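The structure presented is a predicted model; accordingly, all values stated were derived computationally and were not measured. Order of the sequence lines fixes the chain letters, A, B, ..., with proteins taken first and strands second; residue numbering starts at 1 for each chain. All heavy atoms count here, side chains included; hydrogens, waters and symmetry mates do not.
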Protein chains: 2
Amino acid sequence: MVHNRIALFRTERGLSRKELADLVDVNPQTIGFLERGSYSPSVECALRLAKVFNVSVDALFSLKPFPALSTQLSVQKTP
Amino acid sequence: MVHNRIALFRTERGLSRKELADLVDVNPQTIGFLERGSYSPSVECALRLAKVFNVSVDALFSLKPFPALSTQLSVQKTP
DNA sequence: ACTATTTGTTTTGTTTAAGCAACATTAAAT
DNA sequence: ATTTAATGTTGCTTAAACAAAACAAATAGT
């Protein structure tokens with residue numbers, strides 16, 4: 001089982017699945033299946049996805065679950 | 001088409017395909033198919049491979065061909 | 001030498017999963 | 001209510017992964 005941050009990165013950039021699919025050159029349904037973890041992509045597809053987001057494959061996919069973003073946030077001090 | 005450095009990393013560490021396969025928990029034949037580029041692995045398999053070599057997936061797989069090692073070497077000066 | 005025996009790699013089916021195409025559903029908005 | 005955009009589902013095709021067997025090369029035995 002492999003975890004990913006596709007939905008997170010996509011929504012952060014304000015992209016629909018169709019728009020992302022066009023950028024990655026893959027079917028919109030495939031993005032859907034990937035986001036809800038129905039299957040894990042080929043490394044080729046993973047490389048293309050990472051390229052679109054301009055991140056490493058390792059930042060996008062992981063064998064261990066990604067920590068929730070809320071646990072990563074710290075309170076920002078006003079200077 | 002996706003390129004990889006599996007054979008390079010494996011031989012550098014003095015591993016046989018069977019030994020690598022055991023570490024990655026995959027069939028030795030699969031390593032063979034991957035090394036000679038017959039197919040590109042799932043990102044899950046790629047993550048496990050990268051973990052064994054202790055490198056990032058991006059260091060092991062690429063959409064563009066990896067440069068030959070000989071072109072990356074510079075002459076070492078004796079001090 | 002000759003040939004067993006091991007070790008490493010490649011080939012041949014077979015099974016399972018990724019990816020696609022087309023259709024179905026949902027949501028929002030007007 | 002009907003359009004439109006976004007997401008979800010179903011069935012099919014192709015490719016990844018496996019299992020087992022074939023092949024190759026080196027080593028050990030007698």
Side-chain angles (χ1 to χ4, degrees), chain A residues 1-70, chain B residues 1-70:
Chain A
M1 175 54 172
V2 59
H3 303 80
N4 73 74
R5 279 175 156 161
I6 299 174
L8 177 67
F9 284 17
R10 175 175 66 80
T11 52
E12 271 188 348
R13 280 146 218 249
L15 295 171
S16 70
R17 290 184 178 169
K18 168 138 188 24
E19 288 169 325
L20 176 57
D22 287 342
L23 291 172
V24 182
D25 193 28
V26 83
N27 275 28
Q29 304 92 312
T30 299
I31 302 292
F33 278 110
L34 292 177
E35 284 189 351
R36 67 190 100 101
S38 299
Y39 50 65
S40 84
S42 67
V43 73
E44 181 166 3
C45 186
L47 284 164
R48 292 209 304 270
L49 269 163
K51 186 174 187 175
V52 165
F53 289 134
N54 199 33
V55 298
S56 69
V57 171
D58 304 79
L60 195 53
F61 296 92
S62 172
L63 294 173
K64 288 189 285 192
F66 288 102
L69 272 194
S70 53
Chain B
M1 175 55 173
V2 60
H3 303 80
N4 74 74
R5 280 177 155 160
I6 300 174
L8 177 65
F9 283 18
R10 174 175 67 79
T11 52
E12 271 189 349
R13 279 144 219 251
L15 295 171
S16 71
R17 290 183 177 168
K18 168 140 190 22
E19 288 169 325
L20 176 58
D22 287 343
L23 291 172
V24 183
D25 193 27
V26 81
N27 274 29
Q29 305 90 312
T30 299
I31 302 292
F33 279 110
L34 292 177
E35 285 190 349
R36 66 189 101 104
S38 298
Y39 49 64
S40 84
S42 68
V43 73
E44 181 166 3
C45 186
L47 284 164
R48 291 210 305 271
L49 269 164
K51 187 175 188 176
V52 164
F53 289 134
N54 198 35
V55 299
S56 69
V57 170
D58 304 79
L60 195 53
F61 296 92
S62 171
L63 293 173
K64 288 188 286 193
F66 288 102
L69 272 194
S70 54

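As a whole-Å value, the separation of B:Asp25 CG from D:dA17 P is 13 Å. D:dT9 atom C1' lies 12 Å from atom OH of A:Tyr39, rounded to whole Å. Protein atom CG of A:Asn27 is 10 Å distant from nucleotide atom P of C:dG19, rounded to whole Å. The distance between atom CZ of B:Phe33 and atom P of C:dG8, rounded to the nearest whole Å, is 19 Å. Remark: P of D:dA16 and CZ of B:Arg48 are 16 Å apart, rounded to the nearest angstrom. Here the P atom of nucleotide C:dA18 and the CG atom of A:Asn4 are 12 Å apart, to the nearest Å. Summarising the geometry, the separation between CE on B:Met1 and C1' on D:dA15 is reported as 14 Å, rounded to the nearest angstrom. Rounded to whole angstrom, the span from the NZ atom of A:Lys18 across to the P atom of C:dA22 amounts to 14 Å.
Within the structure, a side-chain polar atom (N or O) of B:Ser42 is placed less than 4.0 Å from OP1 or OP2 of D:dA17. Dashed line: the shortest gap from a side-chain N or O of B:Arg10 to OP1 or OP2 of C:dG8 is not under 4.0 Å. Side-chain N/O atoms of B:Thr30 include one lying less than 4.0 angstrom from OP1 or OP2 on D:dC18. Neither OP1 nor OP2 of D:dA5 sits under 4.0 Å from any side-chain N or O of A:Ser16.
The aromatic rings of A:Phe33 and A:Tyr39 lie parallel to each other, with less than 30° between the two planes, well short of the 60° mark.
Picking from D:dT9, C:dT12, D:dA17 the nucleotide with the shortest atom distance to the side chain of B:Leu34 gives D:dA17. When each of C:dT11, C:dA18, D:dA16 is scored by its nearest atom to the side-chain atoms of A:Ser40, the top-ranked nucleotide is C:dA18. The nucleotide whose nearest atom lies closest to any side-chain atom of B:Cys45 is, among D:dA17, D:dA19, C:dC20, D:dA17.
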| said: What verdict does the side-chain contact (heavy atoms from CB on, under 4.5 Å) test give for A:Val43 and B:Leu60, after you've listed the backbone C-alpha separation in whole Å, the side-chain angles of each residue and the deciding distance to 0.1 Å? | reply: CA-CA 11 Å; A:Val43 73; B:Leu60 195 53; over 6 Å; no

| task | Kindly determine whether B:Leu34 and B:Leu49 satisfy side-chain contact (heavy atoms from CB on, under 4.5 Å), including the steps that lead there. | result | CA-CA 11 Å; B:Leu34 292 177; B:Leu49 269 164; 4.1 Å; yes

| Derivation of the side-chain contact (heavy atoms from CB on, under 4.5 Å) call for A:Glu12 and A:Leu8 | CA-CA 6 Å; A:Glu12 271 188 348; A:Leu8 177 67; 4.2 Å; yes

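Where B:Glu19 and B:Glu44 each meet DNA chain C at their nearest nucleotide, the meeting point lying more 5' is that of B:Glu19.
Remark: side-chain polar atoms of B:Glu44 are not paired, donor with acceptor, to backbone N or O of A:Leu63 under 3.5 angstrom.
Across all strands shown, B:Pro41 has heavy atoms under 4.0 Å from sugar-phosphate atoms exclusively, and none from any base.
For B:Gln29 and D:dA19, a side-chain-to-base donor-acceptor distance below 3.5 Å is present, hydrogens and geometry of angles not being considered.
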